[in-house]
Every structure is written in C-alpha cells, then in structure tokens.
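Following: one structure in structure tokens, then a few remarks.
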Amino acid sequence: LTNRIPSWRPKSGPLTRATTQLYQTSVPSSSRSNSPSTTTSSRQKRVSSLEEWAKKSADIQIANGNLAIQASLTSEDAGLGLVSKQRIEAGSVIVTVPASLALSVELPRGGPDDLSVVKTLVDDRTVFRSLPWYTQFAFYLYKLDKISSMKQTGSNLIDMRPWLDSLPRKFTTPIHWTEEQRKKLLQYSHMDESVQRQETSWKEIYKTLRECSNVEATGMSWEDFLWGCETARSRAFSGGYTGAPFNPFIYAFTLVLVTAYIGLNLGTLEQAANGAALVFCGSILRDFVFPKLFRNKKYVICPVIDMCNHNSLATTANVAYEFFANAYSLSTISPVPSNSELFISYGSRSNDQLLQYYGFVERDNPHDIYVMQPLREWDIAALEKACGAPFAPGRLQKLDRAGLLGKSKDDALSAAMPSSKISNDDDSTSEDGTSEGNPRGGVVLSRAGGIDPAVIQALRALVSTDEEWKDAGESIGNFGGEVNPDNERKARLAARTAIEMELASKPTTLAEDREMLKRLISSKSGLQGEDERIGLLFRIEKKKLLKETIDRLQ
Ligand SMILES: C[S@@+](CC[C@H](N)C(=O)[O-])C[C@H]1O[C@@H](n2cnc3c(N)ncnc32)[C@H](O)[C@@H]1O
C-alpha cells in the first residue's frame with residue numbers, strides 16, 4: 001500500500017463521525033505481550049473483535065455484511081484479506097472509514113495526527129519531524145501499542161486496541177534473515193546490498209529516534225521499531241492532498257452573513273457576492289492549491305481497508321479520500337463475484353520491493369525487474385570471446401567517462417548517505433532502477449522493457465569498430481539507435497552473453513528450484529520452511545525474468 005493512493009478525489013458521500021465510545025478489548029494485554037499472535041489462524045480469531053469494533057464503536061461502514069475479513073484466498077502466506085460474500089457490482093463503495101480513525105503522518109511538518117505522540121513523547125520536535133515518515137509512524141504505533149491505545153483526534157479519544165490486535169506481528173522480509181540466509185535463499189546480490197543499506201539506515205534512524213524522545217519512550221526496542229516501520233510500510237498509502245477536510249460550517253456561516261448583509265441593507269448584492277467569493281477562493285487555496293504548491297504529503301493507515309491485499313494483474317478495488325465526507329473509502333472498479341478476494345494495487349512494485357518491504361513475491365509480476373552488476377563488473381573478456389574479437393582500445397574508458405559503467409562497491413559505500421542527511425521524505429520504496437534503489441548503477445532488466453536501452457547504447461559503442469566509432473562522431477550519444485545490423489548483432493550478443501553468464505552463475509537452476517519448491521510445498525514443513533519457500537519463489541521469478549530477457553535478445 002505504501003506510497004500510493006490510487007486517487008484522492010473529492011467526492012460527495014455520507015458524512016460520518018467517529019465515536020468517542022471506548023472499547024473493551026477481548027485480549028488481555030498480558031497475553032498480548034507474552035505471546036503475540038503470528039499465524040493467520042490466530043489472527044483470524046481476533047477478526048470478530050475488529051469487525052464488532054469497526055461497526056459499533058468506530059463507525060466504519062462495511063458493505064452491509066457483504067464483505068468478510070478472513071484468511072486470504074490467494075495463498076497461505078498472504079495472511080488475512082477481504083472476501084466478498086455475494087457478488088458486488090463495479091463502482092460500489094464497500095468500506096468507509098472516518099478520517100478520525102485513520103492513522104496519518106503528514107510531511108514536511110505535520111507529523112502524526114495524534115498530537116499526544118509528539119506532545120508527550122518527543123523531546124526534540126525538529127529532529128523528530130526530520131525523520132522519514134515510516135519511522136514517525138513506528139513511533140506512533142509504539143505509543144498506541146505499548147503506552148496507550150487511545151488515539152486522540154481533536155477532543156475525541158478512540159481505543160485502537162481491537163485494530164492493533166488484528167495486525168500481523170511477524171514479517172517474512174529479508175531484513176529478519178542473516179546475511180548468509182539472504183545469499184543462500186535469494187541468490188541475488190542486488191537484494192543483499194539493498195537489505196544491507198536498509199539495515200544500516202534504519203539502525204541509524206532508530207538511534208536518532210531514541211535520542212530525540214523522552215525516557216519513557218526510549219523503552220522502544222529495536223524489534224518494536226522494526227515492527228512499526230514494517231507495519232507502516234506495508235499498510236500505509238499516501239497522496240499529495242493534505243488540505244483541511246470539508247467544513248460546511250464556513251459556507252453556512254458565509255450564507256448567513258450575506259443574507260444579513262443584504263437584509264439589513266448594509267451594502268449592495270455585488271459587495272456581498274465579492275465577500276462570499278473571497279471565502280470560497282480562500283477555501284480552495286487552503287484545501288487544494290497550497291498543499292500542492294508546498295508539496296505536502298500525507299501517509300495514511302486505515303483500519304479495515306488495510307486488510308486488502310495486492311494484485312497487479314487483477315486489481316478489483318481502489319482507495320480514495322472522500323473530501324465531503326472526510327472519510328476514506330474502498331470501492332470496486334470491476335464486478336467481484338461471490339466468494340472472491342478483493343485486490344487493490346500497491347503501485348507498480350517489483351518483486352524486489354514487494355519482498356523487501358511487504359514480505360511476498362508476485363508471480364509473473366509485470367513490474368518486476370532484475371538488477372545485474374554494473375557494466376564495469378561484467379566479464380569483458382568473455383564478451384569479446386562471444387563477439388569474436390577484442391573491443392577497440394579506449395572504448396571502456398570512454399564509457400567510464402560518460403558514467404555508463406556504474407560504480408564499484410567501494411565508491412557506492414563512500415557515497416552512502418551520512419546520518420546528517422537523513423530526510424523525512426526518504427522513500428526507499430522508489431523504483432529499484434532509480435539512483436536511490438540502485439546506487440551503483442547496476443544494469444536493469446525489466447519484464448516490461450527488457451534490457452535498459454542506455455546499456456544497449458553503451459554496448460553498441462563498446463563493440464563498434466574504429467570505422468563505426470568515427471562515423472558516429474566518436475560520441476556515445478550517437479549510438480542511441482541501431483548503427484548497422486552487424487554492430488547491433490554484436491551489442492545484443494554481448495548483452496545476451498552477460499545475462500546467460502549471470503543465470504549460469506546461480507548455484508541452482510530454474511528447474512531445480514521449481515522441483516525444490518514442489519517438494520517443500522508437499523512436505524508442509526510449516527513455519528520452518530517459510531523463509532525457504534519465499535526465497536525459492538523469489539529466485540524462480542528472477543530466473544524467469546533472466547530467461548525472458550535472453551529470449552528477447554535472440
Ligand atoms: C496491507 S496488508 C494486507 C493485509 C494482510 N494480508 C494482513 O493479513 O494483515 C499488506 C500485507 O499483506 C500481504 N499481502 C498482500 N498482498 C499479497 C499477495 N498478493 N500475496 C501474498 N501476500 C500479500 C503481505 O504480507 C503484505 O505485507
């Protein structure tokens with residue numbers, strides 16, 4: 001869900017209000033902290049409390065009992081999900097959650113919407129507000145989960161305990177694995193490096209967070225922090241709109257003033273209209289223009305809606321902010337047959353991102369990518385052999401000067417983000433192909449587009465004869481398109497050879513992995529085999545992508 005709200009569209013809808021009624025949790029806090037629920041079946045037992053809370057205490061509207069929160073129909077490891085009990089037509093609003101029940105963190109300065117988080121637990125507000133959104137959320141969740149589950153919104157107090165109890169307590173993300181496990185299970189150095197960067201950066205932020213909060217709060221352990229960050233990253237969505245909610249009082253009051261103004265003969269109709277227009281313009285500026293101008297961003301976790309799973313190929317629902325109702329809604333975008341799971345899209349996420357931050361892998365993910373070593377680490381001698389002749393001298397240096405060879409591991413490390421540069425809009429979910437997700441400039445292969453065109457361009461220049469190089473004005477920029485069939489064949493052959501070598505370097509083949517997965521599934525080794533199964537699923541998808549790219553280059 002992170003980073004994405006498919007649309008923040010102002011839309012009319014029923015005005016709902018959060019209740020101040022307190023809810024008695026059915027799970028004693030002692031049993032919660034001693035044996036946190038991890039499995040789907042034990043979480044399922046708490047769903048009825050969540051549903052009861054949602055309906056009776058929290059004013060969350062759920063499609064007239066036409067929707068169930070239950071074990072996902074996708075796969076065992078998908079946890080809970082939202083499943084239709086009857087056919088739901090396209091365009092139906094199925095869940096409405098008052099904004100006062102949603103947890104939000106606003107950037108750059110707003111912070112958590114529950115003001116008690118900062119007021120009572122933070123010593124240095126400037127430092128706290130400079131932290132990334134998901135770490136502010138981690139702190140917010142820590143306050144609700146371990147200090148007080150009462151969420152304070154304006155004068156309302158809402159007990160979030162039933163929702164907190166419905167959350168997963170364990171993540172199957174690679175940050176929980178040892179370095180050795182990651183290497184062995186994933187067989188993909190790009191992910192090893194990404195998780196290492198994630199771990200280093202999160203540890204640094206955790207330290208900063210402890211330093212800027214007060215004594216009571218510093219009881220937050222690394223595990224609490226990690227759970228909070230992962231919960232936020234896997235359950236929050238975001239959008240650019242952060243204006244105030246629709247306030248009918250302003251408009252009603254303006255109407256009264258205009259009526260009195262004209263009725264008491266204090267001025268002309270035009271003057272009254274000018275005054276009213278000013279109020280409307282001010283409202284629009286405040287709600288729509290200023291937030292866009294100042295690039296305000298809001299990250300939101302919405303109880304119940306946060307149970308919706310992801311599917312990039314069969315998205316049936318989306319989330320929106322209902323401006324006039326000041327509520328979040330989940331609505332269907334296509335008909336959902338009875339007993340089917342509803343899916344939203346968490347955005348165009350590769351399996352690297354899905355595994356690292358959400359703990360799952362999507363089969364045939366259309367957004368999947370593979371990040372190979374940067375060109376400078378490719379086995380040039382092997383490529384020359386495949387192309388039948390050595391490459392012209394000096395060509396590699398030219399590519400290097402043009403920044404096309406990427407960075408070595410050491411260069412990337414020395415350029416790593418120092419702690420003083422932690423910023424609150426740090427969003428390591430940015431595409432793995434971008435400089436943030438791919439700081440070494442590794443070669444990106446994508447399911448959608450094959451090998452990065454800039455790499456093919458570099459390879460055209462690399463394999464070019466002296467004559468072709470001269471004809472191109474000795475400029476790599478002129479190798480953007482096919483130069484001639486022979487140059488093109490060699491460039492593609494070099495790329496294909498490198499990818500074939502990458503695939504051959506894996507400790508196991510695709511067929512072996514598939515066989516292992518089959519055996520693992522039939523052996524039902526339970527939680528013991530969970531990491532291994534996810535690792536297998538991940539590397540199978542990566543190897544499929546490598547094979548597809550090789551085929552495209554034939
Ligand atoms: C927003 S929550 C959705 C509700 C979640 N299934 C639960 O039990 O609380 C996101 C998490 O759901 C799981 N998930 C979502 N879509 C999935 C899918 N297609 N396959 C497997 N797991 C999925 C992942 O664990 C992810 O981190």
Side-chain angles (χ1 to χ4, degrees), residues 1-6 36-47 49-51 54 67-83 95 97 102-103 134 137 141 145 162-176 226-238 299-319 328 330 340-368 429 521 527 530-531 533-538 540-541:
L1 285 167
T2 317
N3 278 337
R4 195 82 206 261
I5 178 162
S37 154
T38 55
T39 62
T40 304
S41 60
S42 58
R43 287 178 62 212
Q44 177 90 64
K45 288 187 195 128
R46 295 176 180 180
V47 162
S49 308
L50 174 71
E51 285 177 336
L67 194 70
I69 304 172
Q70 61 168 69
S72 166
L73 306 177
T74 316
S75 67
E76 258 176 56
D77 59 301
L80 301 175
L82 297 178
V83 176
V95 183
V97 180
L103 278 63
Y134 50 90
F137 250 127
L141 286 164
D145 197 41
W163 172 71
L164 291 162
D165 284 341
S166 77
L167 297 175
R169 294 283 158 170
K170 183 178 174 280
F171 285 87
T172 45
T173 43
I175 196 168
H176 297 278
L226 196 54
W227 174 77
C229 288
E230 296 205 281
T231 299
R233 296 202 66 131
S234 62
R235 305 185 91 79
F237 50 78
S238 80
Y299 293 85
V300 181
I301 304 182
C302 229
V304 181
I305 291 180
D306 68 345
M307 287 295 176
C308 205
N309 286 326
H310 163 89
N311 191 324
S312 5
L313 293 168
T315 307
T316 45
N318 70 13
V319 186
Y328 296 95
L330 179 74
S340 307
E341 181 158 357
L342 271 90
F343 293 109
I344 56 171
S345 165
Y346 295 179
S348 313
R349 306 247 170 264
S350 68
N351 278 339
D352 294 28
Q353 295 170 317
L354 289 178
L355 179 63
Q356 191 173 354
Y357 296 109
Y358 299 81
F360 73 96
V361 173
E362 194 176 27
R363 271 208 184 99
D364 299 320
N365 180 349
H367 311 293
D368 206 10
T429 54
I521 291 171
L527 279 182
E530 203 177 350
D531 296 341
R533 197 168 49 82
I534 292 211
L536 273 165
L537 282 171
F538 182 81
I540 286 174
E541 289 305 309

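FYI, the numbering just counts along the sequence from 1. Counting convention: from 1, in listed order, for ligands and their atoms alike.
Polar contact check, Leu80 against ligand 1: a nitrogen or oxygen pair lies under 3.5 Å apart. Considering backbone and side-chain atoms together, Ser75 places no N or O closer than 3.5 Å to any N or O of ligand 1. Below 3.5 Å of separation, one finds an N or O of His310 facing an N or O of ligand 1. The shortest N/O to N/O separation between Ala78 and ligand 1 falls below 3.5 Å.
At distances below 3.5 Å, at least one donor-acceptor pair connects side-chain atoms of His310 with backbone N or O atoms of Tyr346. No donor-acceptor pair closer than 3.5 Å links the side chain of Arg46 to the backbone N or O of Ser166.
Within ligand 1, the atoms closer than 4.0 Å to a non-hydrogen atom of Arg43 are 7 (C), 8 (O), 9 (O), numbered from 1 in the order shown. Close approach of ligand 1 to Ser234 is summarised as follows: ligand atoms under 4.0 Å from at least one heavy atom of the residue are 1 (C), 2 (S), 10 (C), 27 (O). Distances below 4.0 Å separate heavy atoms of Gly79 from the following atoms of ligand 1: 8 (O).
Contact of the Ser348 side chain with the Gln353 side chain is not registered, since no non-hydrogen atoms from C-beta on lie closer than 4.5 Å.
Applying the salt bridge (charged side-chain N to carboxylate O under 4.0 Å, His left out) test to residues at least two apart or on different chains, the pairs with a partner in residues 358-368 are Asp364-Lys544, Asp368-Lys542.
The proximity of Tyr358 to ligand 1, defined as any non-hydrogen pair under 4.0 Å, involves the side chain as well as the backbone.
Each of Leu82, Thr74, Asn311 was evaluated against Glu341; a single residue qualifies, Thr74, per the side-chain contact (heavy atoms from CB on, under 4.5 Å) test.
Heavy atoms of Cys308 approach ligand 1 to within less than 4.0 angstrom. At a 4.0 Å cut-off, at least one heavy atom of Tyr346 sits close enough to ligand 1 to count as contact. The closest approach between a heavy atom of Arg235 and any atom of ligand 1 is below 4.0 Å. At least one heavy atom of Asp306 sits less than 4.0 Å from an atom of ligand 1.
Atom-to-atom distance recorded for Glu541:CD and Ser350:OG is 12.0 Å, nearest 0.5 angstrom.
Partners of Asn365 according to the side chain to side chain donor-acceptor pair (under 3.5 Å) rule, which considers only residues two or more places apart in sequence or in another chain, are Asn351.
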| request: Apply the test ring-ring contact (aromatic ring centres under 6.0 Å, His included) to residues Tyr299 and Tyr134: give CA-CA distance (whole Å), side-chain angles for both, the deciding distance (0.1 Å), then the verdict. | output: CA-CA 8 Å; Tyr299 293 85; Tyr134 50 90; 8.7 Å; no
